[in-house]
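Note that the structure is a prediction, hence the values are computed from the model and not measured. Every chain is numbered from 1 and lettered A, B, ... according to where its sequence line falls, protein lines coming before strand lines.
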Protein chains: 2
Amino acid sequence: MLAQIESSLDQLSRSERKVAAFVLGDASRVLSMSIARLAQEADVSEPTVNRFCRTFSATGFPDFKLKLAQSLASGPTLMTAMVADTDAIPEIFAKLTDKAIRSVHDLKSSIDVLTLERAVDLFCQARQVAFFGMGASGSVARDAQHKFFRFNVPVVAYEDGLMQRMHAAAMKTGDLAVVISHTGRTRAMVEAATFAREAGASVLAITRSDTPLSRVATLTVSVDVDENTELYIPMMSRLMQLLVLDVLVTGVAQKRGTDFQPHLARIKHALNGTRLPD
Amino acid sequence: MLAQIESSLDQLSRSERKVAAFVLGDASRVLSMSIARLAQEADVSEPTVNRFCRTFSATGFPDFKLKLAQSLASGPTLMTAMVADTDAIPEIFAKLTDKAIRSVHDLKSSIDVLTLERAVDLFCQARQVAFFGMGASGSVARDAQHKFFRFNVPVVAYEDGLMQRMHAAAMKTGDLAVVISHTGRTRAMVEAATFAREAGASVLAITRSDTPLSRVATLTVSVDVDENTELYIPMMSRLMQLLVLDVLVTGVAQKRGTDFQPHLARIKHALNGTRLPD
DNA sequence: TCTTTGTTTGTAGATTTCTTTCATAAAGCG
DNA sequence: CGCTTTATGAAAGAAATCTACAAACAAAGA
């Protein structure tokens, strides 16, 4: 919100800019002001303040205050949460957690629920499931394997390009290949997806929208995160991929209902011996 | 805020409870209602709503809306974001994303920054690093390996209990073992940590506080997440472990400064050939 | 330079929204 | 049962917000 105001400063008229300056200067104080008060302190008329509010997709001043309150509460560092060279650990920690929260927020508003439901259906119908991922997405694939293993369906994960191709080529109709890639442009991943499709299997891609991989896939769950690429490490996109898989696994668990409860109980029992008492 | 309302439900009068019920039922809609509307829908009078607001340290209805807006933005669904059996995908999605946001929040406020700094120091001083994790934490260990590989220090990850023991026993002073466990009670993990300590290596535990593993470790980064254990899958704790590792890797990158930039450039270059154009 | 046109701004009043006061009703208590 | 206390809503009053309109201003062309 504040960032939005700041960026549209030059599209405002002179008086409205006065209002903007005041809001940017002491946003939290605005929350406890009436429109008359704000108008007075910013040295403009009340209607001007009102018009200012409307330019930021609020129906009026009270609504503007509401939106402002929300944005102030949600992300103190809404703005450039970029990690700077001079940051010490505390700042890095604060910025990364903020960014994580923001990313989840963005994911929440950007993902199409219908797609998720269709993805769950794919899982439920699958005779067997294979997860493909390389690099950072490799560990996501492995994690997914762990989670879906708990259902009574054969599930494998490959990080190895060669094994992926072999497995993909050997797939059949009714099988599901889940291909995970941050960039959506990793050649090996696109090829594996293509092989799987050609072999008659369904392909679920978890990747960026509108990429070579998403175009090959039967269904794509889009995970678009504006990554701070200078960090070279797709941290947030990987967190979001995991979150999406968590949703899917929970959805499948739901849909399957209780028929696999005994299966879970056995797994849990098997784990007991590996744990120490507290 | 919502939690506060809920907890003081029994101290409210009958009519005020009606208001409370409505607010708890659809908090976000309240934000766009006038006091008259809310009074009507909750089937009480306007002054009752006003009195209700004052009970929660607001000066009046508008102020209450403001406070509510802020609390909604910061912690969505403060209450039990438990996934219920009857939930469809949209609800599961909403609840899990909310829970993720909350978990990050909690992590942010619970983690001791000093500990993080010492952890970064451990990494910087390490001659070589080994990540140990099993089950769900195994993929976290693998992911960590990927990230820390980008520095110029030998780094390995083991998900295999036997390999972990062997490697741990063979470690030397100046080496670092990072042991990742959600429960902190996995026998094999505690044993590996103990072996590593006895061999003279430092042990960094990423686990719950006050567990067998944390007691064995040189330093523990506490990741306490109140997991919905009925889901059987430590989803959130794994996300938080990853986030902690992200912070650490960023911290190390920072501390190391630019001396490993050429190393990164070479890695990046090597990856180029694997990607398709968009 | 003057007009014309369009935009910006503020005044004043209308309207909505909120708050206070007070009378009535309900509940608790001896 | 009657008294006290508390809870509730009607209505009036106060405050805040919004709308319509006109004055001021700026920009462009004659």
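Within the structure, no pair that satisfies the ring-ring contact (aromatic ring centres under 6.0 Å, His included) test touches residues 3-34 of chain B, not counting sequence neighbours.
One finds no salt bridge joining D10(A) and R17(A) here, because no Lys/Arg side-chain nitrogen approaches an Asp/Glu carboxylate oxygen to under 4.0 Å. Between D98(A) and R102(A), no side-chain nitrogen of the basic residue sits less than 4.0 Å from a carboxylate oxygen of the acidic one, so the salt-bridge criterion is not met.
Counting to the nearest Å, the C1' atom of dC18(C) and the CD atom of Q40(B) are 16 Å from each other. Following rounding to the nearest Å, F52(B) (CZ) and dT19(C) (C1') show an atom-to-atom distance of 17 Å.
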Enumerate, atom names and distances included, each donor-acceptor pair closer than 3.5 Å involving a side-chain atom of residues 32-40 of chain A, sequence neighbours excluded.
from	atom 1	to	atom 2	distance (Å)
S32(A)	OG	R29(A)	O	3.0
S34(A)	OG	A36(A)	N	3.4
S34(A)	OG	R37(A)	N	3.1
R37(A)	NE	E41(A)	OE2	3.4
R37(A)	NH2	E41(A)	OE2	3.1

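Here the side chains of K147(B) and L242(B) are in contact, with some heavy-atom distance below 4.5 Å.
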At under 4.0 Å between heavy atoms, which parts of nucleotides 7-20 of chain D does protein reach? Answer with one letter per nucleotide, 5' to 3': B base, S sugar-phosphate only, - none.
SBBB------BSB-
